[in-house]
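Heads up: the structure comes next, in structure tokens.
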Amino acid sequence: MIEIEYVQHVALVVTDVERASIFYEQVLGLQPIPRPNFDFPGAWFAIGHQQLHLLTNVSSKTLRGTTDIDTRDGHFAMRIANPQAAMAHLSARGIPFKANPNSVTGWFQIFICDPDGNVIELNAPAMA
């Protein structure tokens, strides 16, 4: 049996590393971290003790081809402190989102897409 300790990183394929990096740094507030000198473009960000890796792959078939928010599509989730503040921040930046304050999960969920259509869930404890 494999003893999993934790998720170390999530890697997403993007078409434009600079554009995606701006989104993850300026919209979501993630901190860039050093990345090894690979022979392909990419960027790394800290998410608490985990990491987000952005990379390009011209032969990849993993891009969704849409920025429509589909909560049933593959995604990764980040816990947030204040869903109301997050929605205000996203609205001020013109970022579309779907909010589900009464999810059966027990979490307040906000779904967004990055510029390449990668789905991201922002969640917080449900409001009482």
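For the numbers below, each heavy atom of this structure counts, side chains included, while hydrogens, waters and symmetry mates do not. Along the sequence shown, residues carry numbers from 1.
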Are [Y] and [X] co-members of a hydrophobic cluster defined by side-chain heavy atoms under 4.5 Å apart?
{"X": "L28", "Y": "V17", "value": "yes"}
{"X": "I112", "Y": "I22", "value": "no"}
{"X": "F45", "Y": "M78", "value": "yes"}
{"X": "I69", "Y": "M87", "value": "no"}

Provide the closest heavy-atom pair for [X] versus [Y] in the form atom of the first, atom of the second, distance.
{"X": "A124", "Y": "R79", "answer": "CA-CD, 3.7 Å"}
{"X": "S103", "Y": "W107", "answer": "CB-O, 3.3 Å"}
{"X": "F40", "Y": "R35", "answer": "O-NH2, 3.0 Å"}
{"X": "L30", "Y": "A46", "answer": "CD2-O, 3.8 Å"}
{"X": "F23", "Y": "C113", "answer": "CZ-O, 3.7 Å"}
{"X": "V27", "Y": "H89", "answer": "O-NE2, 2.8 Å"}

Item to check | Test side-chain contact (heavy atoms from CB on, under 4.5 Å) applied to P83 and L122, N123, I110, the passing residue | outcome: I110
Look up atom [atom1] in [X] and atom [atom2] in [Y], then write down how far apart they are to the nearest 0.5 Å.
{"X": "T71", "Y": "K98", "atom1": "OG1", "atom2": "NZ", "result": "6.0 Å"}
{"X": "I120", "Y": "L12", "atom1": "CD1", "atom2": "CG", "result": "7.0 Å"}
{"X": "E121", "Y": "I80", "atom1": "CD", "atom2": "CD1", "result": "9.5 Å"}

Checklist entry - Do Q50 and F76 have side chains that get closer than 4.5 Å, going by heavy atoms? => result no
Next on the checklist: Please confirm whether the ring centroid of F111 lies under 6.0 Å from the ring centroid of H75.
Outcome noted: yes
Checklist entry - Where do T56 and V13 land on the side-chain contact (heavy atoms from CB on, under 4.5 Å) test, with the steps shown first? => result CA-CA 5 Å; T56 59; V13 175; 6.0 Å; no
Checklist entry - Which pairs with one or both residues in residues 10-19 pass side chain to side chain donor-acceptor pair (under 3.5 Å), sequence neighbours excluded? => result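 Sorted pair list: T15-R19, T15-D116, R19-D116.
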Checklist entry - Tell me, which pairs form a side chain to side chain donor-acceptor pair (under 3.5 Å) where one or both residues lie in residues 23-34, sequence neighbours left out? => result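 Only Y24-D114 qualify under side chain to side chain donor-acceptor pair (under 3.5 Å).
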Checklist entry - With under 30° as parallel and over 60° as perpendicular, where do the rings of H53 and W44 fit, or are they tilted in between? => result parallel
